[in-house]
Every structure is written in structure tokens, then in C-alpha cells.
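The model shown is predicted, which means the values in this text are computed figures rather than measured ones. All chains are named by letter (A, B, ...) in the order of the sequence lines, taking the proteins before the strands, and each is independently numbered beginning at 1.
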Number of protein chains: 2
Amino acid sequence: MPKRTYGEIPGFPPGSTFANRTELAKSQVHRPNQGGICGGADGAESIVVSGGYVDDEDYGDEIVYTGQGGNDPSTKRQIADQKLILGNLGLARSQLDGNPVRVIRGAGGDPKHSPTTGLRYDGLFRVVDHWTATGIDGFKIWRYRLVALESADPPPDPIQSDPGKPVSRVETTIQRLVRSTAKAVGVKRLHDYTCQICGVRLITPAGAYAEAAHIRPLGKPHNGPDDADNILCLCPNHHLLFDTGAIYIDSSGQVREIGSNSALGDLRVTSSHPLNWAQFEYHRKHHVSDEKTD
Amino acid sequence: MPKRTYGEIPGFPPGSTFANRTELAKSQVHRPNQGGICGGADGAESIVVSGGYVDDEDYGDEIVYTGQGGNDPSTKRQIADQKLILGNLGLARSQLDGNPVRVIRGAGGDPKHSPTTGLRYDGLFRVVDHWTATGIDGFKIWRYRLVALESADPPPDPIQSDPGKPVSRVETTIQRLVRSTAKAVGVKRLHDYTCQICGVRLITPAGAYAEAAHIRPLGKPHNGPDDADNILCLCPNHHLLFDTGAIYIDSSGQVREIGSNSALGDLRVTSSHPLNWAQFEYHRKHHVSDEKTD
């Protein structure tokens, strides 16, 4: 598989412009000379939005992007169904892995957000959804919703909440933020996306999904290291339970529930992924409350 | 339980200042005349950061906040252990529910980020972590990491990713964004935080946890309604599988896996939570690919 670079290409900040695809390809910001998606089964690193597909929708910080394939380059109309393969699969995989996608806009795209000539790198977006639809031309297309990584969520509206009964005003907030780091993706691959606590392997049409749980958290004030030996491969359910201190790993490597004396079994380990067991002590000390474990 | 307002109080945008706690309480931005946390078992709506606890750390967009209790108001030193009750439990609950917390800074807090006199509302933060520690004075304290809701994540560093082996550069991106809406919290309560697909109920020290899955997604281009009858109460694992189209609900209300002919069982429904079954048709049509279901 090709070597991919997720994230920005040094020397080419957002706003960098390119006269043509050849120049763009040379910069590595978007390597293919033709394709709109630079990606494969392992993920997608960049896309070009240039009006090549009639179903694209560009809202600036938000883009509804059409997958590749099935269209006639000359007329730009869809003439066949698209499939979840190649770059289309790559964008879905990048959604699962949480890898950022470089977005390049070209003349020919929505005039409101596109350069008048040539191409322009417009920064990093994340893929937040992928789905299928019947395109304007009557063929199946894959669609992706991308949101600019820098665009923060707007502050939610106030809501009156009467505990116990549903509340009326709409409010959107970030509920749970799961971070992905480069090393985290490596750890997930070492475990083939299998949860080290329950052994479940979640399969989606775009491939397997797991989350990386830092045993000693990153960031202030824990400042845990982003090293593979400080990372577990967990399913979302056990990631939540581990982070909230509902479960922990004892000094003998057994998974335990707070307030319960029976162990849930051994943590699933593999020789290719050694762990720093001292980090579990930090987790027990700080994230598992003795109010509950006593 | 008190009636809570999560989010901003109309008429008091970030930057609003107050001469004293009485004025602040009158504005409803922070209702208690004394306590640093306005909250209880059902959640916390606001906190005051004013140097009342020696263990507080203020980094501007990020605050490491100390729970309440166990300190001597006159000396501000800890003289007893803190417990996960009252406002301390409320901040943990707000983390689980994804509700925003109003942050008010008062003179006496970190000079770099606090007003010189009186109090100032500094906007909405989200609680991203809670844990225990032994405070400077040797007693157990509860700690909370709050991050400004408006502060976007910085664009990640580029990483060279050789598929198959761990990569070296640190990168952080948002991997999975789970949104919480006011109605969503109501639906979760109707199901007592029990997954409508597998029946699991995740218990954390701060209470039960579940996620709200919009059957027809919110936002462009789906524009699903944020109504209770378009929301399911799911565990994180089944939320992920549902959103990615790995599982779906068929017209007879059975949960099905793509590519499998046997049903996983009936969706768990309750008369107090009627569903708009037409939304499942939208989900099947757009999020479940017939490439996989054929």
C-alpha cells in the first residue's frame, strides 16, 4: 500500500495556490494527477473539489462530497453506480480512523468558495458521515460529509431542563470526544481492532472499528505519553467504562469492575504490543475512586 | 430537583460582568450565592473559578477545576476528603450527558485570566475528564478538566503513516463526534440509559451512560428532525454500528446485520417512547448499502 501523509504538508499552509494539477501533485498536497480522491482501503489523505460531480454541495466549512467513479469526465454526468472501493472506501476508512483529509478546491467548483483559476489548498477537514444516495442522474453514488477541522461548534442554545421529562429546546454539544493519534492507529492494527477487554471486533462496511484508550491520559495535568505502551485497543463501550473508572486493570493484569470482587478476566495482551504496567497504577490511583472500590 | 438551564442565559453573553455574587445570582448565570458549583446528581450548569481552591489550574481555554467540599473557606486550605456527591457528582454527570457548563471567573483567580474586580461570565465549557487526586494539602480532591466549547482543535501535525506499523509523530484529531441534544437526553431517560438494541446499561461511578442516535441524521443534507421519535437510545458500540450501516432495523422492527439473513432480535421499544418508523426506511435507504445487504 502507498505511504500516506495525513495532515498538512510542511511548506503548504491553507491558502496555498497551484496553477494546475501537475504543480499540485508535485507539492504532495494531492498526489494523483487526475483522481479527485487520494486514498485506498487504508484511508484517504486528500480530495479535490472542483465541480467534477454534479451532486457535490459546498457550504464552505462543510462539504457534501460525491465519491469517485461512474461518471463521464467529459459531460460530468453519472452514467453508472458507484461502489465502496478505492478512494470511496478510503474516505469511509478515514472517518473510522479519525484521520484528517486535505481539501483542495479548484476553479469550476462552487464559485462562492472556489478560486477563480487554478487550485487552492483549503485546510484539513474530517469526514463525519458517509452514505449512499441516488444521484441527480439516477445512479447510486457514495456521499461524504466533511467538516473543517478548525471550525468549532457554535455555542448551544440555552435549554430549560426539567429532570425526568424530555426537554424541548434543541441544543447540540459535543458529548464524547475520542481522540486518535498516529501511535493509536498502530496499536489498533496490532490488535486487529479487537477489544483488549471483551474481545469484540466491530465490523462496519468500511472495515473494522476500535478506539485507542490512553491508560494515563494525554494533556494537562496527567501528561501521559502518547506511546504504544500507554495505549489500549478497546471497543467504545469499554473505552467509556475505562475512562470513567468503572473498570480497571489490577496489578495481576485482570480486568475488574469497581465494587465487585470477581474479576472479569485477563486483559488480552499480545507480545507485539508490550505495555507499561506502571500506567495502570496511575489509572487506578486517579480514575478509580476508592469511594467505589472500598 | 431544581430546574436547570444548560447553556447561555439570554441577555448575558460571554464577557458580561457582575459586581458581586448577589448580582451574579440575580442574573441566573450562576444561581447560588455561595457555592462554586451550581449542580446536583442531575448535572451541573455553572461553576465559579475564583481561587477558592488551592489546587485549581487555569490555562484560559482549559481549566483544571477542583470539586467542592472539604476546605476551610477562610484559609482556602483542604481540611478533609471530597466526595463524588452534590456539585461534584453534577460535573461528572454533565460530562456523561455532554451538557455545557457556564464558567464564571472572579477576582482572586489566576490573574492572567481573571477580572481584577467582581466576576465575569467567560462562556461555555465542556467537562472532558474527571478524576481524583491527593491535593496540595494531603486530602482527596475531585478534579475536572474543562475545555472551552468554542475552542477548536488545532490542526494536527502531519504524520507519515506506513500502514501496518505504528507511526511516530504525535497527531490528535477528533475521531468520533457524538452529539447530545436536549430531546436526546429525554429519550435516554425514557429508556433509563439501556441500549435499545442489546439491552446493555453501562454504569459509571457518575451514573448510567448511553448515547442518542438520530435515525435520520441531523444536519445537511439529511436534515433529520431532532424529535424524540427520530432518536434511539443506544450503547456506544451499537451507535457506531448503526451510524455506519453495519446494522439496521427492518420493516418488522427487527435488528439485522448486513450480509446476514438471521435477525439479531427485536428493537427494544417502550410505549412512552413512540418512534417514527419511516425514519428507519431513510436509514436503510441511505446508510445501508445494498452492496452489502444483497
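Only the backbone of A:Ile203 comes within contact range of chain B, with heavy atoms under 4.5 Å apart.
When each of A:Glu257, A:Lys285, A:Glu57, A:His222 is checked for heavy-atom pairs under 4.5 Å with chain B, A:His222 comes out on top.
If you take CG on A:Leu202 and CG on B:Leu240, they are separated by 6.0 Å, rounding to the nearest 0.5 Å.
With hydrogens and angles disregarded, no donor-acceptor distance shorter than 3.5 Å links the side chain of B:His286 to the backbone of A:Trp131.
For the pair A:Asp129 and B:His287, the minimum side-chain heavy-atom distance is below 4.5 Å. For the pair A:Pro221/B:Arg143, a side-chain contact is recorded, criterion being any heavy-atom separation below 4.5 Å from C-beta on.
Closest non-hydrogen pair, B:Pro236 versus A:Pro236, comes out as CB-CB, 3.6 Å.
The residue from A:Thr244, A:Asp243, A:Ile258 that alone fulfils the side chain to side chain contact (heavy atoms under 4.5 Å, CB included) condition with B:Thr204 is A:Thr244.
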